[in-house]
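Since this is a predicted model, take the numbers as computed values, not measurements. Counting starts at 1 for both ligands and their atoms, following the listed order.
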Amino acid sequence: MSIINKITCSLLITSTLAFAHGDAAPQKVDTQGLPEIGYDVYTNPFSGNEKAIEVGKTAYNQNCARCHGLEGKSGGIAPDLRLLTDGDDEYFAGMVRAGVVRNDNVYMPPFPDDIIPNSALWAIYSYLETLPEED
Ligand code: HEC
C-alpha cells in the first residue's frame with residue numbers, strides 16, 4: 001500500500017469512528033404525515049394508528065434503542081419500555097421531556113420538543129404499545 005493510500009485509509013477509519021460516535025446524538029424526528037399534537041394531551045391520541053407506529057419505530061430506533069434496546073428488549077441497561085401499561089401515558093410523556101438526572105449523572109437525557117415533537121412522542125408510545133411484552 002502506498003503512503004497516500006495509507007493516509008486515505010486511516011482518514012476513512014477516523015471519520016467512520018467519528019460518525020459512529022456522533023450517531024448517539026439525539027436526532028430530530030421526521031413527523032411528516034402526522035397531525036400536530038398540543039401540550040394539553042395526556043393520553044396517547046394515536047393508539048393503533050399505522051402511520052404513527054411507523055414514525056414511532058424510526059424515532060425509537062434513532063433516539064431510544066441505544067439504551068432501551070432494539071424492539072424494546074433492554075437487556076437490563078435501562079427499563080424495559082414494553083412493560084409500560086395503558087395508564088402510563090402521562091408518566092411516559094413526562095419522562096421523555098425531563099429525562100433522568102440524579103447527582104449530576106445523566107441516566108437519560110431530556111428530549112426537548114425540537115427533537116421530539118409531541119406527535120413523535122406519542123408515535124413512539126404507539127410503537128411501544130405494539131411490542132409483545134415477552135421475548
Ligand atoms: C442514554 C440512555 C437513554 C436514552 C438514550 C433513553 N433513555 Fe429512557 N431511560 C434510561 C434510563 C437509565 C432510565 C432509568 C432511569 C432511572 O434510573 O430511573 C430510563 C427511563 C425511562 C422511562 C421510565 C421507565 C420506567 O419504567 O419507569 C421512560 C418512559 C423512558 N426512559 C423513555 C425513553 C424514550 C421514549 C427514549 C427515547 C426518546 C429514551 N427513554 C431514551 C436511559 C435512556
Engineer: Looking at every heavy atom in both P110 and A98, which two are closest together, and how far apart are they?
Structural biologist: CB-O, 3.5 Å
Engineer: May I ask you to list the atoms of ligand 1 that are less than 4.0 angstrom from any heavy atom of V96?
Structural biologist: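 Counting from 1, the qualifying ligand atoms are 35 (C).
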Engineer: Purely on distance, is any nitrogen or oxygen of Y91 under 3.5 Å from one on ligand 1?
Structural biologist: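 There is such a contact, yes.
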Engineer: If I compare all heavy atoms of L131 with all of G72, which pair ends up nearest, and what's the gap?
Structural biologist: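 It is CD1-N, 4.0 Å.
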Engineer: What are the two closest non-hydrogen atoms of W122 and D89, and how far apart are they?
Structural biologist: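 Of all heavy-atom pairs spanning W122 and D89, the closest is CH2-O, 3.4 Å.
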Engineer: Is E54 salt-bridged to K57, cutoff N-O under 4.0 Å?
Structural biologist: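 K57 and E54: not salt-bridged.
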Engineer: By number and element, which atoms of ligand 1 are closer than 4.0 Å to a non-hydrogen atom of R102?
Structural biologist: 16 (C), 17 (O), 18 (O)
Engineer: Among Y42, F111, Y125, whose ring pair (Phe, Tyr, Trp, His ring centres under 6.0 Å) with F92 holds?
Structural biologist: Y125
Engineer: Taking all non-hydrogen atoms of both residues into account, name the closest pair between L81 and Y60 and its distance.
Structural biologist: CD1-CE1, 4.1 Å
Engineer: Within the structure provided, determine whether H68 and P79 are in side-chain contact (heavy-atom separation under 4.5 Å).
Structural biologist: yes
Engineer: Taking side chain as C-beta onward, heavy atoms only, is I116 less than 4.5 Å from R97?
Structural biologist: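 With C-beta onward as the side chain, the pair touches.
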Engineer: Which residue and atom name correspond to the protein heavy atom nearest atom 42 (C) of ligand 1, and how close is it?
Structural biologist: Y107 O, 3.2 Å
Engineer: Identify the closest protein heavy atom to atom 29 (C) of ligand 1: which residue and atom is it, and at what distance?
Structural biologist: F92 CD1, 3.6 Å
Engineer: Just jot down the ligand 1 atoms closer than 4.0 angstrom to any heavy atom of M95, in number order.
Structural biologist: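 Per the distance check, 22 (C), 23 (C), 28 (C), 29 (C).
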Engineer: Which heavy atom of the protein is the closest neighbour of atom 26 (O) of ligand 1, given with residue, atom name and distance?
Structural biologist: P79 CB, 3.6 Å
Engineer: Hey, does the side chain of N63 reach the backbone of Q27 with a donor-acceptor pair shorter than 3.5 angstrom?
Structural biologist: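 A pair under 3.5 Å: yes.
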Engineer: For a side-chain hydrogen bond (donor to acceptor under 3.5 Å, both in side chains) check, start with the C-alpha distance between S126 and N44, then their side-chain angles and the critical distance, and finish with the verdict.
Structural biologist: CA-CA 7 Å; S126 303; N44 186 2; 3.0 Å; yes
Engineer: Students should be able to answer this: which protein heavy-atom is nearest to atom 36 (C) of ligand 1, and at what distance?
Structural biologist: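 The answer is C64 SG, 2.8 Å.
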Engineer: Run the numbers for me: atoms of ligand 1, each under 4.0 Å from some heavy atom of I116, listed by number.
Structural biologist: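 With I116 as reference, the close atoms of ligand 1 come out as 38 (C).
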Engineer: At what distance is the nearest protein heavy atom to atom 28 (C) of ligand 1, and which residue and atom is it?
Structural biologist: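 Looking at atom 28 (C) of ligand 1, the protein heavy atom closest to it is L81 CD2, 3.6 Å.
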Engineer: Nearest to atom 2 (C) of ligand 1, what protein heavy atom do you find, and at what distance?
Structural biologist: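 Result: C67 SG, 1.8 Å.
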Engineer: Of the side chain and backbone of P109, name the one, both, or neither that has a heavy atom under 4.0 Å from an atom of ligand 1.
Structural biologist: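 Just the side chain.
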Engineer: Which residue holds the protein heavy atom closest to atom 5 (C) of ligand 1, what is that atom called, and what is the gap in Å?
Structural biologist: N63 O, 3.3 Å
Engineer: Would you give the angle at atom 8 (Fe) of ligand 1 between M108 atom SD and H68 atom NE2, to the nearest 10°?
Structural biologist: 180°
Engineer: Could you list which atoms of ligand 1 come closer than 4.0 Å to a heavy atom of V100?
Structural biologist: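 In order of number, 15 (C), 16 (C), 18 (O).
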